[in-house]
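Structure first, then comments.
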Amino acid sequence: MAQPKYIPAAFEQKWAEQWEKDQIYKTPDPKSAEKKAYVLDMFPYPSGAGLHVGHVEGYTATDIYSRYLRMNGYAVLHPMGWDAFGLPAENYAIKTNVHPEITTNNAIKTFIAQIKRTGLSYDWSRELGTHRADYYKWTQWLFLLLYKKGLAYRKEALVNWDPVDQTVLANEQVLPDGTAERSGAKVEQRMLTQWFFKITDYAERLLQDLDKLDWPESTKQGQRNWIGKSTGINITYQVDGMDAPITVFTTRPDTNFGATFIVLAPESEYVRSHIESFPKKDEVKIYLEQAKLRTELERISNKSKTGVFTGLYAINNLNGKKLPVYVGDFVLATVGTGALVGVPGHDMRDFEFAQAMGLPVIRVVIGPDGDTGPITTAEQVQEGEGTMVNSEFLDGMDTIAAKEKIMDYLEEKGWGKRVTNYRLRDWLISRQRFWGAPIPIVYDKDGKDHPVDQAELPVILPMDVEFKPTGVSPLKDHAGFQAVDTTKYGEGAYREADTMDTFVDSSWYFLRFCDPHNETEFASREAMNKWGPVDLYVGGAEHTVLHLLYARFFTKVLFDEGYITFDEPFLKLRHQGTILGPDNRKMSKRYGNVINPLEVADQFGADTLRMYEMFMGPFSDMKAWNTQNIQGIYRFLTRIWNVFHTEASFATAATGRDADPAVVSRLQKTIAKVGSDILEMKFNTAISSMMEFMNAWEGKAISREDAQKFLLILAPFAPFITEELWHTVMGQTTSIHTQRWPEVDTSKILAETIELPVQVNGKVRSKITIESADVPEEEIRKLVMADPRVLQFTGGKVAKFIYVPGRIVNIIAK
RNA sequence: GCCGGGAUGGCGGAAUGGCAGACGCGCGGGACUUAAAAUCCCGUACCGGCAACGGUGUGUGGGUUCGACCCCCACUCCCGGCACCA
């Protein structure tokens with residue numbers, strides 16, 4: 001009888017349909033299981049381009065992990081949904097006038113079909129989309145919760161305006177070079193009234209709690225940098241001829257005896273309020289006009305300092321010295337108090353400013369005794385730690401002690417107050433766009449805001465909308481949307497027309513998955529606390545600050561409000577490494593190097609696609625696609641297919657063959673190795689070890705029971721071929737994916753004889769064979785010393801004999 | 001500049017104090033075939049040698065250790081993030 005050939009297309013579709021029909025991936029009730037696990041992927045934006053190789057990488061990893069845990073008796077929650085609001089669909093609507101809901105739902109259909117084709121084990125009964133009213137109703141509810149807690153507020157602020165997408169952006173959405181993360185446009189500053197979430201209230205907890213998370217160090221560090229905690233002191237200086245004192249923030253009060261000037265930010269409160277009293281107000285006004293013309297980008301890229309003297313002098317509390325007060329645009333209004341005290345001897349920026357302003361004598365306050373300056377070159381600026389000089393009562397102290405002492409002194413005298421500053425800003429959530437969750441606020445005719453009653457939720461996004469990029473949300477003039485209950489809000493009332501940043505939608509979806517069809521709550525406490533927090537979260541490293549920080553913020557708010565019993569959303573986080581094109585460049589239409597994973601699945605089968613992506617290299621590493629390497633996986637699966645279709649592979653009465661104990665032993669080791677590798681997300685080595693097992697099995701025989709065990713450990717990686725062989729060759733009638741992970745039977749692991757390497761002076765010169773690691777050292781020594789090659793290299797003269805049981809012998813010859 | 005990660009054959013990678021290069025790709029040789037593809041077998045870090053074997057070798061320089069890809073110090077380069085943050 002001819003062997004059937006391995007043709008994945010012949011059965012993959014069949015099994016995908018069967019699994020769906022039997023609902024084998026439906027989430028069990030965690031009460032019925034002893035252990036629970038919540039394994040989550042960052043849900044995708046359903047783009048029209050469909051599934052990308054990067055999606056497949058992350059989703060396959062969580063799929064293998066989930067399947068392994070299920071096989072080990074865990075109740076696993078492993079859902080999938082859609083981060084469906086956002087600009088691409090709306091921009092497409094502006095071009096074509098096709099409603100975003102239509103394009104989005106079409107894209108979702110494509111994603112679902114492609115994900116099923118890939119054999120991923122999601123529970124589709126829990127699918128959700130952030131654009132659906134039954135979801136954004138609760139996004140709006142969360143907005144109202146924050147509003148009631150005083151954590152959502154409206155203020156006029158200088159905001160980032162994207163002139164291409166015609167909307168404001170959060171700070172996190174602006175790149176360091178001043179361009180928009182999404183559109184690439186040069187971001188402008190505009191004064192607008194916008195809604196903010198008060199994430200800054202949570203800065204300290206967001207920082208501290210990072211320590212308890214199993215996250216990549218780089219991601220934790222990225223969040224720490226973003227939160228940007230700095231501790232120091234606000235020092236208040238009296239100003240000659242002014243009623244208003246100037247307060248500066250500094251982290252280096254130890255250098256304060258070296259202060260020679262003060263600089264105010266052009267946009268600072270002090271300049272705005274008191275400019276008319278500046279002796280040199282005309283010069284300052286000219287400077288402010290010039291500064292306004294320089295964009296943020298120019299300010300940052302142009303390192304040379306500019307500034308203007310105000311004519312004011314502040315008095316240094318410590319020594320009565322006069323400090324000239326300048327305005328300079330290297331000082332940022334948003335940092336500290338928007339004013340700084342310049343210590344040019346010990347801060348490079350201050351030195352550069354002093355040089356630019358022609359401020360000559362520079363005092364040295366840290367350094368060896370007798371070195372009192374002045375200093376004239378940048379190389380002489382000493383920013384580090386050292387010993388205090390020229391600082392009266394601080395002299396001789398190290399900078400750390402001096403810092404504490406002078407802060408005590410300043411606070412005692414009432415001249416200063418210790419403060420902690422954060423770089424983190426409140427989260428701007430207003431977007432002047434249509435395709436997002438409407439902000440549930442109604443304004444009365446006087447412009448005062450009123451929260452919409454919960455009973456009125458959701459505030460529905462209408463379908464009949466004209467899409468135009470006007471800079472104002474299309475909801476502004478939509479009659480149906482703007483029809484509000486005048487008996488409640490009065491004549492002339494109108495709705496907030498802005499929608500929420502899509503990151504609001506994605507900051508709580510992991511909670512909705514716990515209870516996705518709840519019509520009376522955003523999710524029941526019972527369900528959230530049963531499944532949450534997420535045990536394993538996998539997604540791209542590009543979400544280091546935005547999504548991951550916002551989700552942590554929401555979780556802490558909900559924890560504080562008593563809805564959930566955990567205050568961190570994601571206990572363990574891993575990023576999949578970026579997959580580059582075969583040319584080693586980022587996959588991009590521009591380079592024509594984009595690999596479509598579905599084409600790979602069509603050509604080689606979904607099992608090959610999955611296993612290839614897992615075999616490419618360490619999960620979190622960046623790695624390039626290699627079309628030839630796919631062949632290696634395809635061959636491996638073909639060999640498995642062929643071995644299972646070869647009668648002689650099995651030790652049965654019919655074949656008359658006996659199981660090879662060495663192969664059986666290898667199988668037991670492989671079961672253990674694959675299991676531990678999956679938990680450590682070392683999928684590449686798990687696959688290697690299965691290849692090694694196949695190399696051992698081919699041409700030999702094992703029992704059918706053991707062959708089944710091999711299929712079971714392969715099943716999480718290659719769900720289709722294992723299911724097919726499980727039924728057609730093994731004759732099983734229930735799905736392989738509902739079976740238990742095989743137990744490791746250590747009694748079948750052979751006590752192998754050990755080839756013990758023998759080194760002389762650190763070089764392997766010979767090998768001796770011993771029965772086990774238990775052979776006593778004395779016996780080993782006799783064997784080794786009788787070895788002719790050892791004799792040849794030692795001459796029989798041994799200074800030292802080192803034996804590491806079962807591992808190695810090293811002899812130090814005299 | 002600061003922070004985080006990394007550098008191992010022709011290539012992807014393995015080994016976390018104990019035989020460097022598992023596994024896969026590629027390549028060379030052979031078998032099967034009229035032939036090719038597919039498949040199978042053998043070989044494959046580099047240098048020398050017919051071979052046995054010897055020497056060298058994990059970015060660079062030093063150190064600890066009987067023993068270092070692995071730990072420590074200094075440096076080079078690459079990737080990612082942050083950055084006039086006072």
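Residue numbers begin at 1 in each chain, while the letters A, B, ... track the order of the sequences. These numbers come from a predicted model, not from an experiment.
In this entry B:A7 has B:U76 as its Watson-Crick or G-U wobble partner, both defining distances falling under 3.5 Å. B:G12 and B:C23 make up a base pair, with Watson-Crick or G-U wobble contacts both under 3.5 Å. If you check B:G48 for Watson-Crick or wobble pairing at under 3.5 angstrom, you find it paired to B:C53. With a cut-off of 3.5 Å on both pairing distances, the Watson-Crick or G-U wobble partner of B:G18 is B:C66. With a cut-off of 3.5 Å on both Watson-Crick or G-U wobble distances, the partner of B:G28 is given as B:C42. Remark: B:U58 base-pairs with no nucleotide; criterion is Watson-Crick or G-U wobble with both hydrogen-bond distances under 3.5 Å. Pairing of B:C82, defined by two Watson-Crick or G-U wobble distances under 3.5 Å, is identified with B:G1.
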Filtered N/O pairs between nucleotides 17-21 of chain B and protein, under 3.5 Å:
from, atom 1, to, atom 2, distance (Å)
B:C19, O2, A:Lys767, NZ, 2.7
B:C19, N3, A:Lys767, NZ, 3.4

Short heteroatom pairs, N/O only, protein and nucleotides 1-10 of chain B, under 3.5 Å:
from, atom 1, to, atom 2, distance (Å)
B:G4, O2', A:Ser218, N, 3.4

Collect all protein-nucleotide pairs involving nucleotides 36-42 of chain B in which both atoms are nitrogen or oxygen and the distance is under 3.5 Å.
from, atom 1, to, atom 2, distance (Å)
B:U39, OP1, A:Arg635, NE, 3.4

Atom pairs under 3.5 Å: protein N/O with N/O of nucleotides 51-53 of chain B:
none

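At B:A86, one or more side-chain N or O atoms of A:Ser230 fall inside 4.0 Å of OP1 or OP2 (strictly under the cut-off).
Atom P of nucleotide B:C85 and atom CG of A:Leu424 are separated by 17 Å, given to the nearest angstrom. Residue A:Arg224 contributes atom CZ, which lies 17 Å from atom P of B:A83 at whole-angstrom precision. Note: CG (A:Asn626) to C1' (B:G26) measures 9 Å, nearest angstrom. Here the P atom of nucleotide B:C25 and the CZ atom of A:Phe636 are 11 Å apart, to the nearest Å. A straight line from CZ of A:Phe801 to C1' of B:G67 spans 14 Å, rounded to a whole angstrom. In this structure, A:Glu692 places its CD atom 10 Å from P of B:A22, rounding to the nearest Å. The interatomic distance linking A:Asn684 (CG) with B:A15 (P) rounds to 8 Å, in whole Å. Taking atom NZ of A:Lys220 as the reference point, atom C1' of B:C82 lies 18 Å away to the nearest angstrom.
When the P atom is compared between B:A14 and B:C73, the two are found 25 Å apart, to the nearest whole Å. Comparing the same atom, C1', in B:G29 and in B:G48 gives a spacing of 23 Å after rounding to whole Å. A gap of 16 Å separates the P atoms of B:G5 and B:A74, to the nearest Å. Nucleotides B:U58 and B:G9 place their P atoms 10 Å apart, quoted to the nearest Å. Of the P atoms belonging to B:U8 and B:G61, the separation is 16 Å, rounded to the nearest Å.
Considering only side-chain atoms of A:Lys800, the nucleotide from B:C23, B:C82, B:C66 that sits closest is B:C66. Relative to the side chain of A:Asn629, the nucleotides B:C25, B:C84, B:A86 differ in distance, and B:C25 lies closest. Of the candidates B:U56, B:A86, B:C25, the closest approach to any side-chain atom of A:Lys763 belongs to B:U56. Comparing B:C66, B:A22, B:A86 by their nearest atom to the side chain of A:Leu332 picks out B:A86. Listed nucleotides B:C82, B:C84, B:G26 differ in distance to A:Glu352; the shortest reach to its side chain belongs to B:C84. Listed nucleotides: B:C23, B:U56, B:G26. Nearest to the side chain of A:Gln628: B:G26.
Among the atoms of the strands shown, only primed sugar atoms or phosphate atoms (P, OP1, OP2) are found under 4.0 Å from some heavy atom of A:Pro618. Counting non-hydrogen atoms under 4.0 angstrom, A:Asn695 reaches the backbone sugars and phosphates but no base. Residue A:Lys682 is in sugar-phosphate contact alone, with no base atom involved, counting any heavy-atom pair closer than 4.0 Å across all strands shown.
Applying the salt bridge (charged side-chain N to carboxylate O under 4.0 Å, His left out) rule to A:Arg585 yields the partners A:Asp583; only residues at least two apart in sequence or on another chain are considered.
A:Asn317 contributes no side-chain N or O that, together with a main-chain N or O of A:Trp415, makes up a donor-acceptor pair within less than 3.5 Å. Side-chain atoms of A:Trp215 come within 3.5 Å of backbone N or O of A:Phe570 as a donor-acceptor pair. Side chain of A:Gln576 to backbone of A:Val538: no donor-acceptor contact under 3.5 angstrom is found. Side chain of A:His575 to backbone of A:Gly539: a donor-acceptor contact under 3.5 angstrom is found. In this structure, A:Asp607 contributes its side chain and A:Leu637 its backbone to no donor-acceptor pair below 3.5 Å.
Both tests do not hold together for A:Lys229 against A:Tyr422: distance to the six-membered ring centre under 6.0 Å, angle to the ring axis within 45°.
Distance check: A:Ile671 CD1 to A:Arg666 CZ gives 13.0 Å after rounding to the nearest 0.5 Å. Taking CG from A:Leu714 and CZ from A:Phe693, the interatomic distance works out to 10.5 Å, rounded to the nearest 0.5 Å. Once rounded to the nearest 0.5 Å, the distance linking CG of A:Asp254 with CE of A:Met388 reads 5.0 Å. Going from atom CD of A:Gln223 over to atom CD of A:Gln221 covers 10.5 Å, rounded to the nearest 0.5 Å.
Dense packing is recorded around CD of A:Glu777, with more than 12 heavy atoms of other residues, nucleotides or ligands lying under 6.0 Å away. Heavy-atom contacts from other residues, nucleotides or ligands closer than 6.0 Å to CD of A:Glu204 number more than 12. Counting heavy atoms of neighbouring residues, nucleotides and ligands inside a 6.0 Å radius, atom NZ of A:Lys5 does not exceed 12 of them.
In this structure, B:G9 is classed as syn because its glycosidic torsion stays within 90° of zero.
Of the two residues contacting RNA chain B, namely A:Thr544 and A:Lys673, the nearest-nucleotide position lying further toward the 5' end is that of A:Lys673. Heavy-atom nearest nucleotides on RNA chain B were determined for A:Gln792 and for A:Ala339, and the one closer to the 5' end corresponds to A:Gln792.
For residues 610-621 of chain A, the set of pairs meeting the side-chain hydrogen bond (donor to acceptor under 3.5 Å, both in side chains) definition, not counting sequence neighbours, comprises A:Asp63-A:Arg610.
When only modelled atom types and interatomic distance are considered, A:Gln792 and A:Arg765 share no side-chain donor-acceptor pair under 3.5 Å.
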Verdict with supporting geometry, A:Asp214 and A:Arg574, salt bridge (Lys or Arg N to Asp or Glu O under 4.0 Å): CA-CA 9 Å; A:Asp214 176 9; A:Arg574 294 293 181 269; 3.1 Å; yes

